[in-house]
Amino acid sequence: MATKGINNIQQALLHWFYANKRELPWRETKDPYLIWVSEIMLQQTKVDTVIPYYKAFIKEFPTINHLAEAKEERVLKRWEGLGYYSRAKNLHRGVKEVKESYMGEVPKDKETLLKIPGIGDYTAGAILSIAYQKEEPAIDGNVLRVITRIFRIFEDINKVSTKREVEGLVKELIPAEDPSAFNQGLMELGALICTPKSPKCGECPVQPFCESEKYNEQLFLPIKKKKKKIPNVYRISLIIADDKHILLTQRPKEGLLADLWELPSIEQEQPLSEEEWQLLIHQQFGEEIELGEKWGSLKHIFSHKKWLIEVYRANFSKMDISMMEKEKNKNKHQFNVIKRENLKELPFPRVYQEIIKEFRI
DNA sequence: AATCCGGGGAC
DNA sequence: GTCCCAGGATT
């Protein structure tokens, strides 16, 4: 089974990783804080997407102290467009916690790390192995795919029992010499060679040890239960603006797109006619707001719902926008009057970024 | 154990 | 367009 004198998985993987690893910004450091930031960003997110965000983020928040002292809105602004915004809020909270409770030093043991918001099993293992060279597994989706293929594990990878089984195997494999390279090697292999759809088994350093490849069953692994299909949500968004202002709302502090800003909007489970929308707009935003010219349509898919958005300009009578500023205090309106010159400071969901750009001054 | 959180890329 | 991908928190 040996090839070129390599007779175990560890050696094959390490050898391959040293020769083939990508040069990535977070691979230039061992700073546990920077490793932490990168691992949070890399959750559910591809490397190519993360790179520019990571660079901008650590430029503005180069140390734990910088991030701990930052305003949350600045942190969200740096996360704008990256998605899963609770990651940013938890990272911010977690860094403050490290500063206050651990004298600014990222903990070196798993139990303590797991208490920090946003750090779970995977991220704790990644920080410990990559920053501190601890022999801790870091099981992400790539590793689950690689290991279930190598060892031909036909159990649902979403089950806790399967993850425990994989964790046990990785613990046995992980070499004391370089746990960091081994864990990163497993993930890098999953990202570059052992890919979900078209694995490049001919180029795989671990191919001689891969059970599923022997039986040509790679494409059946890993096993996971499929999710159900997602409902449509019908949404109308309003452009209420003059030369210098635009009316916006800030989303709730928790839940979907938490704390981000957006156009004033109404949602329904069923599609409505223009007349029916108009009625809801009067109830929601006041009698002086009238549906105007249609600006266009937007669509946005989340994990479990799909937004179908119709964007309209609004006509407003009886008062101008600066009057609405005063009306706001009566709690009659559910929006804020924003100076268009300040739009660049506010974080928006991806789906609204293009349209907001049109109104920036 | 199941569901909630975005966005990008393959096809 | 449709499908696939994937950690942590919450329920």
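Owing to the predicted nature of the structure, the values given are computational and were not obtained by experimental measurement.
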Looking at [Y] and [X], is there a salt bridge between them, counting it only when a charged N and a carboxylate O are closer than 4.0 Å?
X      : Y      : result
A/E262 : A/R235 : yes
A/E188 : A/R27  : yes
A/K89  : A/D259 : yes

> So, do A/W79 and A/Y84 have ring centers that fall under 6.0 Å from each other?
Replying inline: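 When the ring centroids of A/W79 and A/Y84 are compared, they turn out to be at least 6.0 Å apart.
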
Could you go over nucleotides 8-11 of chain C and give all protein N or O partners under 3.5 Å, atom names and distances?
| from | atom 1 | to | atom 2 | distance (Å) |
| --- | --- | --- | --- | --- |
| C/dG8 | OP1 | A/G120 | N | 2.8 |
| C/dG8 | OP1 | A/G120 | O | 3.4 |
| C/dG8 | OP1 | A/T123 | N | 2.9 |
| C/dG8 | OP1 | A/T123 | OG1 | 2.6 |
| C/dG8 | OP2 | A/D121 | N | 3.2 |
| C/dG8 | OP2 | A/Y122 | N | 3.1 |
| C/dA9 | OP1 | A/G118 | N | 2.5 |

How far does the [atom1] atom of [N] sit from the matching atom of [M], given to the nearest Å?
N      : M      : atom1 : value
B/dA10 : C/dG7  : C1'   : 22 Å
B/dG6  : C/dT11 : P     : 16 Å
B/dT3  : C/dA6  : C1'   : 15 Å

>> Which is more 5' along DNA chain B, the nucleotide nearest A/G255 or the one nearest A/V160? Just name the residue.
In response: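 Result of the comparison: A/V160.
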
> Can you check the A/L186 CG to C/dA6 P distance for me, whole Å?
Replying inline: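 From A/L186 CG to C/dA6 P: 14 Å.
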
> Can you check the A/I223 CD1 to C/dA6 P distance for me, whole Å?
Replying inline: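 That distance rounds to 14 Å.
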
> Mind checking whether A/W307 and A/H300 have parallel, tilted or perpendicular rings, split at 30° and 60°?
Replying inline: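 Rings of A/W307 and A/H300: tilted, 30 to 60°.
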
>> Once rounded to the nearest 0.5 Å, what's the spacing between atom CG of A/N20 and atom CG of A/L189?
In response: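 Result: 9.5 Å between the selected atoms.
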
> Listed by chain and number, what are the side-chain hydrogen bond (donor to acceptor under 3.5 Å, both in side chains) partners of A/T63, not counting sequence neighbours?
Replying inline: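 If we apply the side-chain hydrogen bond (donor to acceptor under 3.5 Å, both in side chains) test to A/T63, skipping adjacent residues, the hits are A/H66.
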
> Can you list every salt bridge (charged side-chain N to carboxylate O under 4.0 Å, His left out) pair that touches residues 194-206 of chain A, not counting sequence neighbours?
Replying inline: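 Sorted pair list comes back empty.
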
> Hey, quick one: are A/Y102 and A/Y33 part of the same hydrophobic cluster, counting side-chain heavy atoms closer than 4.5 Å, chains of contacts allowed?
Replying inline: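 Linked, A/Y102 and A/Y33 end up in one cluster.
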
Between [options], spot the one nearest the side chain of [X], thanks.
X      : options             : value
A/K299 : B/dG7, C/dG7, C/dG1 : C/dG1
A/K225 : B/dA2, C/dG1, B/dG6 : B/dA2
A/D140 : C/dG7, B/dG6, C/dC5 : C/dG7

> Out of A/T123, A/L113, A/V106, which one pairs with A/L128 under the side-chain contact (heavy atoms from CB on, under 4.5 Å) rule?
Replying inline: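 One option only clears the test, and that one is A/L113.
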
> Base, sugar-phosphate, or nothing for A/L82, non-hydrogen atoms under 4.0 angstrom?
Replying inline: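 Here A/L82 touches the backbone only, sparing every base.
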
> Do A/W26 and A/I130 have side chains that get closer than 4.5 Å, going by heavy atoms?
Replying inline: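 Sidechains of A/I130 and A/W26: no contact.
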
Look at the side-chain N and O atoms of [X] and state whether any lies under 4.0 Å from the OP1 or OP2 oxygen of [N].
X      : N     : value
A/K89  : B/dC5 : no
A/H300 : B/dG7 : yes
A/Y85  : B/dG7 : yes

For residues 164-173 of chain A, which side-chain N or O atoms pair as donor and acceptor with protein atoms under 3.5 Å away, sequence neighbours left out?
none

Between protein and nucleotides 9-11 of chain B, what N or O pairs are separated by less than 3.5 Å?
none

> Among residues 259-268 of chain A, which residues get a heavy atom nearer than 4.0 Å to DNA chain C?
Replying inline: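 When residues 259-268 of chain A is checked for heavy atoms under 4.0 Å from DNA chain C, there are no hits whatsoever.
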
